[in-house]
2 protein chains.
Amino acid sequence: MQITRQTEYAIRTLLELSRVPFGKLLQTRVISERQGIPEVFLTKTVQVLALAGLVQTQRGTQGGVKLAVPGDQITLADIITAIEGTLAINICLAENYSCPNMATCKVHQVFRRAQEAMLSELNSVTLSDLVETEKMQVSLENE
Amino acid sequence: MQITRQTEYAIRTLLELSRVPFGKLLQTRVISERQGIPEVFLTKTVQVLALAGLVQTQRGTQGGVKLAVPGDQITLADIITAIEGTLAINICLAENYSCPNMATCKVHQVFRRAQEAMLSELNSVTLSDLVETEKMQVSLENE
DNA sequence: GATAAATAAGATATAATTAGTCCACTATCC
DNA sequence: GGATAGTGGACTAATTATATCTTATTTATC
Ligand code: SF4
Ligand code: SF4
């Protein structure tokens, strides 16, 4: 009942990308150093994010990774889903699984409500929200 | 990001126990048959539930398993916690883990809110609620 | 007290998932 | 053409989940 390390890595990666001007490339090496993420593993994670359409990559000198869409269009739920697939807190909430009890099972319904409550929180915050707050804090500290 | 099979087994086991009069013993064998749970594995699960104080076991002839407290005092969250330990959707929400960013990390805070939203749903329903509904359905069908 | 019924405990086995590495390759910029 | 940076696939290691087996221990009942 926990997100995986890789998902954490993905979140922190996207946060790093959100901290630079939109469109600017960062190398996975830089991200891995700043965030303490195993470098080779991070490249794998970035590929998944790219496949999910959250980042774009560019090879070669001066290459790197950038956000595919502005940070205010990416929520925490998007990131989790990109790495782990559709979120389901119980097996019967995942696609193409059918428990015989599903039609009447009250537990199933409670799980669905619980999951929706969680998702609604995770969907309510975008990358921009997360880094905006940081910027405000910095500017307050400088006053 | 899913509860384990064992947790599902635990829920279904406690539901079975809630369906009989409070204090009545059921054998793990009976429960495993009714719910299609591997029998030997179920005994392990029952032991965990007993350790958590949700059920009481009795050995010997006419022995079995029963609820340790009435069904209206056991929520879904209790059961999940009993099997999986304190629920934490991210590593930094678990006890005795400290990420360097924890103090200021906005993501951490969002995760906490998301988790609380989920927990509040899972805590809002007791075993009694779940089987009461069943009984009402049965009586409606008999009308 | 013998016996059969029932769980307890612990070791062990198997499978699945997660985490991470290695290496040869391709694209890009200069 | 050389340096740089991501790609893709195979591979390994570690951890967790799932399950079984075996031997004890408890207890009602005859
Ligand atoms: S018993 Fe209910 S909660 Fe469990 S898997 Fe089936 S539908 Fe889902
Ligand atoms: S970076 Fe934030 S969300 Fe991630 S582990 Fe640390 S405190 Fe938690």
Side-chain angles (χ1 to χ4, degrees), chain A residues 1-13 16-17 24-33 35-52 54-68 80 82-85 87-91 94 97, chain B residues 1-13 16-17 24-33 35-52 54-68 80 82-85 87-91 94 97:
Chain A
M1 192 51 132
Q2 251 182 39
I3 65 168
T4 64
R5 290 280 173 90
Q6 192 176 27
T7 305
E8 249 284 320
Y9 294 161
I11 293 171
R12 303 221 299 261
T13 297
E16 279 302 328
L17 292 175
K24 174 150 188 238
L25 292 163
L26 283 183
Q27 287 83 48
T28 54
R29 170 128 183 234
V30 171
I31 299 171
S32 80
E33 279 170 2
Q35 290 288 339
I37 302 171
E39 184 175 346
V40 193
F41 191 53
L42 178 56
T43 66
K44 295 293 171 192
T45 307
V46 164
Q47 283 174 48
V48 178
L49 291 175
L51 209 64
L54 296 185
V55 302
Q56 279 171 3
T57 58
Q58 188 180 338
R59 299 181 176 188
T61 323
Q62 309 304 321
V65 189
K66 64 178 179 181
L67 289 186
I80 298 174
I83 300 290
E84 310 199 356
L87 205 143
I89 67 177
N90 195 12
I91 190 169
Y97 179 84
Chain B
M1 194 49 132
Q2 250 182 40
I3 64 168
T4 64
R5 291 280 172 92
Q6 192 176 26
T7 305
E8 251 280 321
Y9 294 162
I11 293 171
R12 303 221 299 261
T13 297
E16 279 301 329
L17 292 176
K24 175 150 186 238
L25 292 164
L26 285 182
Q27 287 83 52
T28 54
R29 172 128 181 233
V30 171
I31 299 172
S32 79
E33 278 169 3
Q35 291 289 337
I37 301 172
E39 184 176 345
V40 193
F41 191 53
L42 178 57
T43 66
K44 295 292 174 191
T45 307
V46 164
Q47 285 173 47
V48 178
L49 290 174
L51 209 65
L54 296 184
V55 302
Q56 279 170 4
T57 58
Q58 189 181 336
R59 298 184 177 187
T61 323
Q62 310 300 323
V65 189
K66 63 177 180 181
L67 289 186
I80 297 175
I83 300 290
E84 310 200 354
L87 202 145
I89 66 177
N90 194 11
I91 189 168
Y97 179 86

Under a 4.0 Å heavy-atom criterion, the protein footprint on nucleotides 20-30 of chain D, written with B, S and -, is BB---BBBB--

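Ion pairing of Glu8(B) with Arg12(B) is present here, as a side-chain N (NZ or NE/NH1/NH2) and a carboxylate O approach within less than 4.0 Å.
Only at 4.0 angstrom or more do the heavy atoms of residues 1-9 of chain B sit from any atom of DNA chain C, so none qualifies.
Across every non-hydrogen atom of Gly63(B) and Gln27(B), the tightest pair is O-NE2, 2.8 Å. The two residues Glu84(A) and Thr7(A) come nearest to each other via the heavy atoms OE2-OG1, 2.6 Å. Residues Gln56(A) and Ala68(A) approach most closely at CG-CB, 4.0 Å, considering heavy atoms.
Between Ile91(A) atom CD1 and dT18(D) atom C1' there is a gap of 13 Å when expressed in whole angstrom units. Between Lys66(A) atom NZ and dG6(D) atom P the separation is 13 Å, expressed in whole Å.
Applying the side-chain contact (heavy atoms from CB on, under 4.5 Å) test to Glu39(A) and every residue at least two apart in sequence or in another chain returns Arg29(A), Ser32(A). Contacts of Ala50(B) classified as side-chain contact (heavy atoms from CB on, under 4.5 Å), with partners at least two apart in sequence or in another chain: Val55(B), Thr57(B). Take Ala82(B) and apply the side-chain contact (heavy atoms from CB on, under 4.5 Å) test, not counting sequence neighbours, and it matches Leu49(B), Ala52(B), Leu54(B).
Put simply, OG1 on Thr4(B) and CD1 on Ile83(B) are 7.0 Å apart, with the number rounded to the nearest 0.5 Å. In this structure, the separation between CD on Gln35(B) and CD1 on Ile11(B) is 11.0 Å, given to the nearest 0.5 Å.
When DNA chain C is scanned in the 5' to 3' direction for atoms under 4.0 Å from non-hydrogen atoms of chain A, the outermost contacting nucleotides are dA19(C) to dC29(C).
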